[in-house]
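Beneath this line is the structure, given in structure tokens, with notes to follow.
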Number of protein chains: 2
Amino acid sequence: MAARDANYWRNYLRACGLKSSRTRLALLELLSRESCALAAEELYERLPPGSCDLATVYRSLQSFEGLGLVDKLDWGEGRSRFELSEQQAQSKHHHHLVCRLCRRVESVPECFVPALSKQKWIRGFKDISHQLDFFGVCPDCQ
Amino acid sequence: MAARDANYWRNYLRACGLKSSRTRLALLELLSRESCALAAEELYERLPPGSCDLATVYRSLQSFEGLGLVDKLDWGEGRSRFELSEQQAQSKHHHHLVCRLCRRVESVPECFVPALSKQKWIRGFKDISHQLDFFGVCPDCQ
DNA sequence: TTTCATGCAAATGGTTTGCAGCCAC
DNA sequence: GTGGCTGCAAACCATTTGCATGAAA
């Protein structure tokens, strides 16, 4: 399937009633090229120097999250990471295996969580999502 | 099984080469009484007023984490939560179901993650743990 | 032209740290 | 008595916000 291009994002943003500024398009293209979740500052560093402000990166990511374009992940590093949402990334549902020491990240294709509708503990909660992350020590750090 | 008491913690800390100060013991007793993971500030508020400093709470939690006494959890709230580690809490392995809106937390007794030793994606990572959290909208917030 | 997005700088909030005094051992 | 703890205050760092300017529609 074709990767999302600037045109796709332009239309998507327009459909949501958001303006498609240079920065927003650049961020979305960046995110769709990245295979791993990035922190806001890492995204900022990958943009052309001086082309935008870190605050703008945060504001854009916030909008994108609201639209369901990106997912915000938290691996206990003291900062959040962002990746294109599964639907937008056209990627399979997946999880992460993070090295406790060097923070290297591998993708985990497996998901062990079945359909939940019949679980007693749900107790009326709706619209349930889950986050499953593995932590370990990678071969290089052992 | 008997709950951990001050004496137990005193011995535990001593065995680890740490002094058992009043604050540390109070924190450990607090944690062993709580059923839900608390933020550092919540722990601080539950201690006798003026009995210790917030910085000390953080420092203690850090030590405890290093000893494997407590687990640090991150639910994307912008702050960390701490709970007695499974072994110390004498509680069953469990997960959490967090309301996205009011942050109410239910315990999830089920774990869907099987023994991982044969999974290809492990690729030499050792000492693997996992964190599985569910997010939804609770009945009251719907 | 109108509205929304941005840059800049300052504020915020959780967490950490330096240092001098204090308490457990 | 000694060295690890603690309180206090300041530093830190990720993230947010106010406001005047600038760019997209």
Side-chain angles (χ1 to χ4, degrees), chain A residues 6-7 9-30 37-67 69-82 103, chain B residues 6-7 9-30 37-67 69-82 103:
Chain A
N7 235 20
W9 297 124
R10 205 186 309 277
N11 289 330
Y12 196 105
L13 292 176
R14 179 176 304 149
C16 298
L18 293 190
K19 291 182 179 171
S20 33
S21 68
R22 196 159 304 161
T23 301
R24 284 178 179 167
L25 292 175
L27 278 173
L28 288 169
E29 289 197 85
L30 231 182
L38 295 177
E41 187 148 22
E42 293 173 320
L43 284 162
Y44 173 67
E45 285 164 0
R46 281 168 172 69
L47 292 173
S51 71
C52 99
D53 192 81
L54 183 54
T56 301
V57 174
Y58 278 106
R59 279 191 275 232
S60 302
L61 289 170
Q62 219 165 259
S63 312
F64 297 165
E65 203 194 349
L67 300 179
L69 278 175
V70 311
D71 292 332
K72 190 175 177 182
L73 305 178
D74 211 314
W75 295 339
E77 298 169 278
R79 61 180 181 173
S80 304
R81 291 180 169 271
F82 301 84
R103 289 288 159 189
Chain B
N7 234 20
W9 296 124
R10 206 187 307 279
N11 289 330
Y12 196 105
L13 292 176
R14 179 176 303 146
C16 297
L18 293 190
K19 292 183 177 170
S20 30
S21 68
R22 195 159 307 161
T23 301
R24 284 179 180 167
L25 291 176
L27 278 173
L28 288 168
E29 289 196 86
L30 230 184
L38 294 177
E41 186 146 25
E42 293 173 322
L43 285 162
Y44 174 67
E45 285 163 1
R46 281 168 172 70
L47 292 173
S51 72
C52 101
D53 191 81
L54 182 55
T56 302
V57 175
Y58 278 106
R59 279 191 274 233
S60 302
L61 290 170
Q62 219 165 259
S63 312
F64 298 165
E65 204 195 347
L67 299 179
L69 278 175
V70 311
D71 293 331
K72 189 177 180 182
L73 304 179
D74 210 315
W75 295 340
E77 298 169 279
R79 60 181 183 174
S80 304
R81 290 178 169 272
F82 302 84
R103 289 287 157 190

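So you know, we letter chains A, B, ... as the sequences are listed, proteins then strands, and number each from 1. These figures come from a predicted structure and were not determined experimentally.
In the set D:dT6, D:dA24, C:dT6, C:dT6 carries the atom at the smallest distance from any side-chain atom of A:Ser21. Comparing C:dT3, C:dT17, D:dA25 by their nearest atom to the side chain of B:Ala55 picks out C:dT17. Here the side chain of A:Ser80 is nearest to one of C:dA5, D:dT6, D:dT15, namely D:dT15. Counting only heavy atoms from C-beta on, B:Tyr58 has its side chain closest to C:dT15 among D:dG7, C:dT15, D:dT16. Nearest to the side-chain atoms of B:Thr56 among the listed nucleotides C:dT15, D:dT6, C:dT6 stands D:dT6. Comparing D:dA24, D:dA14, D:dC5 by their nearest atom to the side chain of B:Lys19 picks out D:dC5.
Considering only side-chain N and O atoms, A:Arg24 lies under 4.0 angstrom from the phosphate OP1 or OP2 of C:dA5. An OP1 or OP2 oxygen of C:dG7 is reached within less than 4.0 angstrom by no side-chain nitrogen or oxygen of A:Arg59. Between B:Ser20 and the phosphate of C:dC25, there is a side-chain N or O to OP1/OP2 separation shorter than 4.0 Å.
Residue A:Ser51 is classed as a sugar-phosphate contact, given heavy-atom separations below 4.0 Å to backbone atoms only. Across all strands, A:Ala39 comes closer than 4.0 Å to no nucleic acid atom at all (heavy-atom distances).
In B:Arg46, the CZ atom is crowded: over 12 heavy atoms of neighbouring residues, nucleotides or ligands sit closer than 6.0 Å.
A:Glu77 is linked by a side-chain hydrogen bond (donor to acceptor under 3.5 Å, both in side chains) to A:Arg81, counting only residues two or more places apart in sequence or in another chain.
Toward the 5′ end of DNA chain C lies the nearest nucleotide of A:Leu54, the other residue of the pair B:Leu18 and A:Leu54 mapping further downstream. Heavy-atom distances to DNA chain C give each of B:Arg10 and A:Thr23 a nearest nucleotide, and the one nearer the 5′ end belongs to A:Thr23. The residue among A:Arg14 and B:Ser60 whose nearest nucleotide of DNA chain D is located toward the 5' end is B:Ser60.
The distance from atom CD of B:Glu77 to atom C1' of C:dT15 is 15 Å, rounded to the nearest whole Å. Summarising the geometry, the separation between CG on B:Asp74 and P on D:dA14 is reported as 14 Å, rounded to the nearest angstrom. Atom P of nucleotide D:dT15 and atom CG of A:Leu61 are separated by 9 Å, given to the nearest angstrom. Atom CG of B:Leu13 is separated from atom P of C:dA24 by 13 Å (rounded to the nearest Å). Straight-line distance from the CZ atom of A:Phe82 to the P atom of D:dA14: 12 Å, rounded to whole Å. In this entry the distance linking OH of B:Tyr44 with C1' of D:dG7 reads 10 Å, nearest Å. A:Phe64 places its CZ atom 12 Å from the C1' atom of C:dA5, with the value rounded to the nearest Å. Spacing between atom CG of B:Leu27 and atom C1' of D:dT6 amounts to 13 Å, rounded to whole angstrom units.
The closest donor-acceptor contact from the side chain of A:Arg14 to the backbone of A:Ser20 lies at 3.5 Å or more, if one exists at all. Using a distance-only test at 3.5 Å, with no hydrogens or angles considered, a donor-acceptor pair links the side chain of A:Glu42 to the main chain of A:Ala39.
For the atom pair OG1 of A:Thr56 and CG of A:Leu47, the computed distance is 10.0 Å after rounding to the nearest 0.5 Å.
Residues A:Arg10 and A:Leu25 share a closest heavy-atom pair of NH1-CD1, 3.5 Å.
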